[in-house]
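Keep in mind the model is a prediction, meaning the values are calculated, not measured. Order of the sequence lines sets the chain letters (A, B, ...), proteins ahead of strands, with each chain counted from 1.
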2 protein chains.
Amino acid sequence: MIAKGQDNRQSIVNAANELFYRRGYNQTSFAEIADASGIPKGNFYYYFKSKDELLEAVIAERVQQVKAMLVEWDAQFPTPRERLQRFLSMLLASEEELTRHGCPMGTLNMELGKIQQTLQSRAMEMFEVFINWLTCQLDALGHGEETSALAMHLMARVQGISLMTHAYSDPVFLRREVAQLRNWVDQL
Amino acid sequence: MIAKGQDNRQSIVNAANELFYRRGYNQTSFAEIADASGIPKGNFYYYFKSKDELLEAVIAERVQQVKAMLVEWDAQFPTPRERLQRFLSMLLASEEELTRHGCPMGTLNMELGKIQQTLQSRAMEMFEVFINWLTCQLDALGHGEETSALAMHLMARVQGISLMTHAYSDPVFLRREVAQLRNWVDQL
DNA sequence: GTCTATAATTCGATAGAC
DNA sequence: GTCTATCGAATTATAGAC
């Protein structure tokens, strides 16, 4: 049986998830999360011992969402090439958010990497889920030797595109670069 | 004649420059800059009206350093291809700092892009100096049509490599990817 | 010009009533 | 479980002595 308070807990996590993405972790206060979720900030400490622990819950939530998305892609697309193309389609589908706030994984890792490396290592799990999945798809494509390096290369390309798209607020650049990556995947 | 206080001003800018890079802008307090520079924080407001204005001075300092570096490269290397290779060499030369703190331009822009877009637009000047210089080199190489897009593409590759190198603390990835970019530049 | 002391605010976190 | 009131620390910024 699920305790009643888990609804409140989820509301806090959902509000924090969006605010940490849009405004950054350190720049988001409990007061803002309280306003967005409608739950008094004093109540937060019943569910989380600290702000760090709330961030860990947000990261766990994101990891779970990513894993569910990848399982769905695996079920929907039979070939690894189609799955990789679906991965790239994600960039175009989230064009507006990407242009405004950058990649949720890249921006969070960069922020935490400065002076909160303990939290950053937890945030790395998001990257690793994607990298592992990409490596599996590249393995299935028959690039048996250096698929891990190739997955890292592809992720770096995507992160670079996301960063420049966000910095220049330029979705045209995003579309052009994703089109190039599509051709690159087709020729793998 | 230069007023005596300009030495103090430069000391503050230098300390802030390094701390903003290593710890981030919002995560660096005046108290830390005072400790690092040996100048009491109350004195800061004689030279800068606010923390934002200090950041603008730091950005101006970085822009000046970048411009001086590019002029030196232009003098040292006669061909555009050599200059582009020198640009890539910079990544290897700053391997340790890049692995630990990421790219100074990319990390600052990402941080400011979240909720301080006014300051971020000032920080974009660093990117633009590089992009303009890269475009000039690509023009000289005879890629007359889409050199601006090509310069953005190259910068995005570099930013992606920097981000992943920093996230994974993996200089091996950096070296491998830079080697690929070197070949890419040679075949332009 | 230089520095100390401190104002004014905001933050994460706690205490305790209900 | 839920919420209000508030603490102590840290922050940017200011006032004013020297």
Side-chain angles (χ1 to χ4, degrees), chain A residues 1-59 108 111-112 114-120 122-123, chain B residues 1-20 22-59 108 111-112 114-120 122:
Chain A
M1 171 180 171
I2 296 173
K4 176 187 169 196
Q6 295 311 304
D7 289 344
N8 274 351
R9 187 192 143 98
Q10 190 62 39
S11 296
I12 297 168
V13 169
N14 289 343
N17 193 357
E18 184 174 342
L19 286 169
F20 288 170
Y21 173 45
R22 282 174 23 207
R23 305 177 45 83
Y25 171 67
N26 290 293
Q27 287 74 36
T28 300
S29 68
F30 275 17
E32 292 170 301
I33 301 171
D35 285 346
S37 64
I39 295 167
K41 65 172 180 171
N43 201 353
F44 290 9
Y45 291 89
Y46 177 74
Y47 300 101
F48 311 99
K49 274 189 304 190
S50 66
K51 193 184 179 186
D52 289 2
E53 212 174 71
L54 172 55
L55 175 60
E56 290 184 12
V58 167
I59 291 172
L108 181 61
E111 180 184 355
L112 300 177
K114 284 291 180 188
I115 57 170
Q116 290 147 312
Q117 277 97 350
T118 302
L119 290 171
Q120 193 246 357
R122 301 273 288 118
Chain B
M1 171 182 173
I2 295 173
K4 175 187 168 195
Q6 295 311 304
D7 290 343
N8 274 351
R9 186 193 142 98
Q10 191 61 40
S11 296
I12 297 168
V13 170
N14 290 343
N17 193 358
E18 183 174 343
L19 285 169
F20 288 171
R22 281 174 23 207
R23 305 178 43 83
Y25 171 67
N26 290 294
Q27 287 73 35
T28 300
S29 69
F30 275 16
E32 292 170 301
I33 301 171
D35 286 344
S37 65
I39 295 166
K41 63 176 179 168
N43 202 353
F44 290 10
Y45 291 89
Y46 177 73
Y47 299 101
F48 311 99
K49 273 188 307 189
S50 64
K51 191 183 179 185
D52 289 2
E53 212 174 73
L54 173 55
L55 175 60
E56 289 184 13
V58 167
I59 291 170
L108 182 60
E111 180 184 355
L112 299 176
K114 284 292 180 187
I115 58 170
Q116 289 146 313
Q117 277 98 350
T118 302
L119 290 171
Q120 193 246 356
R122 300 273 289 118

Enquirer: Given C:dT2, is OP1 or OP2 found less than 4.0 Å from the side-chain N or O atoms of B:Asn8?
Expert: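 Affirmative; the distance criterion is met.
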
Enquirer: Rounded to whole Å, please give me the gap between CD1 in B:Ile12 and P in D:dA13.
Expert: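 After rounding, the reported distance stands at 14 Å.
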
Enquirer: Taking CG from A:Leu19 and P from C:dC11, how many angstroms apart are they, rounded to a whole number?
Expert: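 The answer, rounded to whole Å, is 13 Å.
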
Enquirer: Quick one: does B:Lys49's side chain have a donor or acceptor within less than 3.5 Å of a partner on B:Leu54's backbone?
Expert: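 Pair absent, no side-chain N/O of B:Lys49 close to backbone of B:Leu54.
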
Enquirer: Specify the separation, in whole Å, of atom OH of B:Tyr47 and atom C1' of D:dT12.
Expert: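 Taking atom C1' of D:dT12 as the reference, OH of B:Tyr47 is at 19 Å.
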
Enquirer: Counting only N and O atoms by type, is there a donor-acceptor contact under 3.5 Å from the side chain of B:Thr28 to the main-chain atoms of B:Leu19?
Expert: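 Side chain of B:Thr28 to backbone of B:Leu19, a donor-acceptor pair under 3.5 Å: yes, one is there.
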
Enquirer: Starting at atom CD1 of B:Ile33, determine the distance to atom P of D:dA10, rounded to an integer number of angstrom.
Expert: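 Spelled out: CD1 on B:Ile33 to P on D:dA10 is 17 Å.
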
Enquirer: Has B:Tyr46 got a side-chain N or O lying under 4.0 Å from the OP1 or OP2 atom of C:dT2?
Expert: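 No.
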
Enquirer: Separation of A:Phe44 atom CZ from D:dA5 atom P, in whole Å?
Expert: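 It is 17 Å, rounded to the nearest whole Å.
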
Enquirer: Which of these passes side-chain contact (heavy atoms from CB on, under 4.5 Å) with A:Gln10: A:Ile12, A:Asn14, A:Asn8?
Expert: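 That would be A:Asn14; it is the only one of A:Ile12, A:Asn14, A:Asn8 passing the side-chain contact (heavy atoms from CB on, under 4.5 Å) with A:Gln10.
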
Enquirer: Whole angstroms only, please: what is the CG-P distance between A:Asn26 and D:dA10?
Expert: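 Between P of D:dA10 and CG of A:Asn26: 16 Å.
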
Enquirer: Judged by atom type as modelled, is there a donor-acceptor pair below 3.5 Å linking the side chain of A:Glu111 to the main-chain atoms of A:Tyr25?
Expert: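 Judged by distance alone, yes, a pair lies under 3.5 Å.
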
Enquirer: Where does the angle between the aromatic ring planes of A:Phe30 and A:Tyr45 fall among parallel (under 30°), tilted (30 to 60°) and perpendicular (over 60°)?
Expert: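 It falls in the tilted class, 30° to 60°.
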
Enquirer: Determine the minimum heavy-atom distance between B:Tyr47 and B:Arg9, stating which atoms define it.
Expert: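 Scanning both residues completely, I find the closest heavy atoms to be CD2-CB, 3.7 Å.
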
Enquirer: Return the value, rounded to whole Å, for the distance between atom CG of B:Asp7 and atom P of C:dT2.
Expert: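 Value for this atom pair: 9 Å.
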
Enquirer: CD of A:Gln10 versus C1' of D:dG1: gap in Å, rounded?
Expert: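 So the CD-C1' distance, A:Gln10 to D:dG1, works out to 18 Å.
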
Enquirer: Sugar-phosphate means primed atoms, P, OP1 and OP2; the rest is base. With that split, encode nucleotides 13-18 of chain C 5' to 3' as B, S or - using protein heavy atoms under 4.0 Å.
Expert: BB----

